[in-house]
Amino acid sequence: MTKEKLGVNTICTHVGEIEDTQFKGAVSPIFLSTSYEFMNVDVKRYPRYFNTPNQEFLSKKIAALEHTEAAMIFGSGMAAISTVLLAFLNAGDHIVLQKDIYGGTRNLAEAHFEKYNIEYTFTEGLKTEDFEACIQPNTKMIYIETPSNPLLKLVDIFSISALAKSKGIVSAIDNTFATPIVQRPSELGIDIVIHSATKYFSGHSDILAGAVACSQTHMDTIWDLAKNLGGSLSDFTVWMLERSMKTLNIRVKAQQRNAKKMAKYLNSHDAVSKVYYPGLKSHPDHELAKRQMTGYGAMLSFDLKEHVDAELFLQSLKLIKPSMSLAGVESTMLLPAVASHALLTPEERLAQGISDRLIRFSVGIENKKDLVADIEQAIQAAIKQKLVNS
Ligand SMILES: *Cc1c(COP(=O)(O)O)cnc(C)c1O
């Protein structure tokens, strides 16, 4: 079976399966050994070396989906991100970081890079010129995250990878929001693709994991540090992740179809002032989305109008869960102003375009009519309460 020829659902279901040679069971067995024979064995297997049978085989599925030579599974998205950054950045090196990246990644740079003598610059904007303007003679990596959280802004992946290549700089992307179902950055020239597998790869809000996909050469560099940092994932959870990933394509496609419907519905709602979704023609990066993505993903955000109390709206939801994380088959919403972006001042948030009435919506697989009914009743509750108060 050549991986390239297989359809994406077949890759999800079958690539990286471990054959149960003993009992011919339908699914991969779990190998929990932390100790493997070392006599006459080329590969020294050990969970922290990221090469147990379950780790090694599930990596093949991820590499096949991202169209890369290699992949590796980590204990969390941040374990993957921190390992990649520290693997390529030495003391005295510099990294260009996209503004509006995941809070944990931002915090890693701001709180810890100084002690490693690693320099970093956050871009002013998301245009390629903004990245180019930050490049210094000692820049070793450009790091992007597109679509961004929570405003779903896009970065031109191909032009960033071309810029990096022209300067001999390694490029990396956090591909969590898009997934390889919607966006394959390696085909657009990006060197290293990173995932919080806690999100769509897991898809059921019950696994914490991370993943990296790249060339074997880059993976050798990453592995060399990873085995010492020790951020590997337990084989129990690797096995759970394999099960989850069998439905990655059908889940993401279903969530994406729902997201498009919800974006259109919210866009014409008189309690909503703005919808942020790359699939809408009104989105400033809609044309770029059509070029570099094969869909628009299942994350969107919207601004409630002033006469709706955003916190009360969230509290009034009965089906959609107010929740910090995202990407599960269940729909969740979050108010960045009191959750992911609570540590910023209102002015700082506004500078990023995040109003205190902005709701981030991770669209699940429920029926549209039920999602709409829930949103309608929550809006009504949030308006009425306001009138009673005043
Ligand atoms: C959640 C998330 C991360 C961090 O992943 P963890 O699995 O929580 O460590 C990184 N990037 C993005 C875009 C995320 O949503």
Side-chain angles (χ1 to χ4, degrees), residues 58 62 66 71-86 95 97-112 122 126 141 143-155 157 172-183 185 190 192-213 222 226 229-234 237-238 240-241 244-245 248 251-252 255 259 276 278 293 297-301 323-328 330-334 336 339-343 352 354 360-364:
L58 180 57
I62 295 170
E66 286 289 2
M72 211 155 89
I73 300 152
F74 286 81
S76 68
M78 280 312 302
I81 292 167
S82 56
T83 303
V84 166
L85 296 186
L86 294 176
I95 178 172
L97 293 163
Q98 175 186 321
K99 78 182 271 233
D100 305 343
I101 48 170
Y102 179 73
T105 313
R106 165 179 285 270
N107 194 248
L108 173 67
E110 289 179 338
H112 301 285
F122 284 102
L126 301 188
M141 184 180 267
Y143 184 96
I144 61 175
E145 184 178 314
T146 177
S148 75
N149 176 31
L151 293 176
L152 290 307
K153 292 186 205 161
L154 304 191
V155 172
I157 299 172
I173 186 171
D174 183 330
N175 204 31
T176 301
F177 267 39
T179 81
I181 305 306
V182 177
Q183 178 169 281
I190 292 289
I192 297 161
V193 183
I194 312 177
H195 283 276
S196 168
T198 311
K199 313 298 164 52
Y200 288 102
F201 281 18
S202 150
H204 298 74
S205 307
D206 55 8
I207 291 171
L208 184 82
V212 174
I222 295 165
L229 290 182
S232 59
L233 185 66
S234 124
T237 319
V238 173
M240 288 274 289
L241 188 58
S244 289
M245 289 192 67
L248 178 68
R251 276 190 283 107
V252 170
Q255 288 175 260
Y276 305 83
M293 303 168 83
M299 296 297 302
L300 63 94
S301 291
S323 160
M324 195 73 181
S325 200
L326 59 107
E330 67 287 343
S331 289
T332 61
M333 286 191 185
L334 167 140
S340 55
H341 295 66
L343 294 180
Q352 291 188 19
I354 299 168
R360 189 188 72 185
F361 188 0
S362 169
V363 183

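Sequential numbering from 1 along the given sequence is applied to the chain's residues. For ligands, and for the atoms within them, numbers begin at 1 and follow the listed sequence. The shown structure was predicted, so the numbers you read here are calculated from the model rather than taken from an experiment.
- Among all heavy-atom pairs drawn from Leu241 and Ser202, the shortest one is CD1-N, 3.9 Å.
- Ligand 1 lies nowhere less than 4.0 angstrom from a heavy atom belonging to Ala79.
- Annotation: cation-pi geometry not satisfied between Arg251 and Tyr200 (NZ/CZ under 6.0 angstrom from ring centroid, within 45° of ring axis).
- Between the side chain of Gln183 and the main chain of Thr146, a donor-acceptor pair closer than 3.5 Å is present.
- Side chain to side chain, Glu66 and His195 meet the donor-acceptor criterion of an N or O pair below 3.5 Å.
- The single protein non-hydrogen atom nearest to atom 9 (O) of ligand 1 is Met78 N, 2.8 Å, given as residue, atom name and distance.
- The protein heavy atom nearest to atom 5 (O) of ligand 1 is Ser196 OG, 2.9 Å.
- Residues Val212 and Phe74 are in side-chain contact: their nearest non-hydrogen atoms beyond the backbone lie under 4.5 Å apart.
- Close approach to Ser76 involves these atoms of ligand 1, each under 4.0 Å from a residue heavy atom: 7 (O), 9 (O).
- Contact between Ile81 and ligand 1 is present, with at least one heavy atom of the residue lying under 4.0 Å from the ligand.
- Contact check for Leu126 versus Leu154: no side-chain heavy atoms found under the 4.5 Å cut-off.
- Near Glu145, meaning under 4.0 Å from one of its heavy atoms, ligand 1 places the atoms 13 (C).
- Side-chain contact between Met324 and Thr332: absent, with no pair of heavy atoms (C-beta onward) separated by less than 4.5 Å.
- The protein atom (non-hydrogen) at minimum distance from atom 7 (O) of ligand 1 is Thr198 OG1, 2.6 Å.
- For atom 15 (O) of ligand 1, the closest non-hydrogen atom of the protein is Lys199 NZ, 2.7 Å.
- Only the backbone of Ala209 comes within 4.0 Å of ligand 1, judged by heavy-atom distances.
- Remark: the Asp174 side chain and the Gln98 side chain contain no N/O donor-acceptor pair separated by less than 3.5 Å.
- Residue Asn149 places every heavy atom at 4.0 Å or more from ligand 1.
- Shortest contact from atom 11 (N) of ligand 1 to any protein heavy atom: Asp174 OD2, 2.6 Å.
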